[in-house]
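Take a look at the structure below.
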Amino acid sequence: MLDIKVTRTTSPKAKPEGPLGFGRIFTDHMFIMDYTKGKGWHDPRIVPYEDLKLSPAAMALHYGQAMFEGLKAYKGDDGKSYLFRPDMNGKRTNTTNKRLCIPELPVEDFVQAVKAVVKEDEDWIPTEPGTSLYVRPFIIATEAYLGVEVSETFMFIIILSPSGAYYEEGLAPVGIWIEDDYVRAVRGGMGFAKTGGNYAASLAAQVKAHDDGYSQVLWLDGVERKYIEEVGAMNIFFKIDGKVVTPMLSGSILPGITRDSVLTLCREWGIPAEERRISVDELIEAQKSGKLEEVFGTGTAAVISPVGKLRYKDEVMTIGGGEIGHLSQKIYDTVTGIQLGRLEDKYGWRVEVK
Ligand SMILES: *Cc1c(COP(=O)(O)O)cnc(C)c1O
């Protein structure tokens, strides 16, 4: 158990009015805990949200020794505050930390810290349908040193950002650009870790896709550029001839918590769900023979993002006539139903913040 010291702000901010959007508004408080080699994690505290004081030589700024997580706090229909599977974010933090030589953090401490800071700013959780308080835990290497080495000091910080509904008018299908030049990650690299470096590597392709009117990039494997990996900040699923297929966790893709939830639900519903390699050729073939029934991305922010259009080189595939698939809608309704407390939570995914 962490002994968290709380210093409250003396000048609480006005709550935002109007559309919240995503990621630009922050609450009154944040959680911080320091790490020092030889001493371990220490001084867990909740303090007023403010700019950090950091050496310009802090290692995270130069060599990218940094990680992040993302989850949501939201109001259930009963008016209580909830998180969705926060222990999974805690476990994934340690998977990422190991890869980046960042000291591990007990999962219980991670969950306790998230709950404590969300509880502190609970009145910042928006209540309109679909809105939430986005929770962003992250760790940065803070040692002031320009040598390329493992930092001896770190900061674990959690900030909170009230967010608008991802879909204002129901699930909307997106257009996706299958990138055949740049790659995001390779096996043996850090594709499975939630770290900023992977995102830095993704921007050039994202700019290219946006310029062409596509909202996200679908990555192919870094070796043969033949097998499907994942989309921007989402895992990807295909429904082909009655079966659900998603790329297996091979080390170069992010093990999404939404991905895991979707696989669990499909299996519960008796829908065959395969985790395996899937080539872009297989996809094109399935599309041509009319067997590609649905494509959707999965991630915390959107839960489900139906894909209506896929572009690969000169080929543009329209999926399901650009409409939302039956399974995509069912998964969305089920996950959000469990989150809000409208459906039975068989797996104990919903965790109350109290
Ligand atoms: C966070 C993330 C996802 C989605 O993970 P969830 O746990 O479902 O939110 C997928 N891909 C990448 C690259 C990510 O960073």
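When reading the values below, keep in mind they use all heavy atoms of this one structure, side chains included, and skip hydrogens, waters and symmetry mates. Whatever order the structure lists them in is the order used to number ligands and atoms, beginning at 1.
Relative to the ring axis of Tyr214, Lys309 places its NZ or CZ within 45° and under 6.0 Å from the centre.
The ligand atoms of ligand 1 that sit less than 4.0 angstrom from a heavy atom of Arg92 are 5 (O), 6 (P), 7 (O). The Glu230 neighbourhood of ligand 1 comprises atoms 10 (C), 11 (N), 12 (C), 13 (C), with distances under 4.0 Å to a heavy atom of that residue. Those atoms of ligand 1 that come under 4.0 Å of a heavy atom in Thr300, given as number and element, are 6 (P), 7 (O), 8 (O), 9 (O). Atoms of ligand 1 lying under 4.0 Å from at least one heavy atom of Gly232, given by number and element, are 12 (C), 13 (C). The ligand atoms of ligand 1 that sit less than 4.0 angstrom from a heavy atom of Gly256 are 5 (O), 6 (P), 7 (O), 8 (O).
Polar contact check, Thr298 against ligand 1: no nitrogen or oxygen pair lies under 3.5 Å apart. Annotation: Ile257 places an N or O atom under 3.5 Å from an N or O atom of ligand 1; distance criterion only. Polar contact with ligand 1: present for Tyr199 (N/O pair, distance under 3.5 Å).
Put simply, the side chain of Asp180 never gets that close to the backbone of Lys313: no donor and acceptor are under 3.5 Å apart.
Checking Pro255, Gly299, Ala233 against atom 10 (C) of ligand 1, the nearest heavy atom belongs to Ala233.
Here the two rings, on Phe84 and Tyr74, have centers that are 6.0 Å apart or farther.
A parallel orientation is assigned to the rings of Phe26 and Tyr49, their planes being inclined by less than 30° (bins at 30° and 60°).
Here the CG-OG distance, from Leu83 to Ser132, works out to 11.0 Å after rounding to the nearest 0.5 Å.
Using a 4.0 Å cut-off between charged side-chain N and carboxylate O, Glu274 and Arg276 make a salt bridge.
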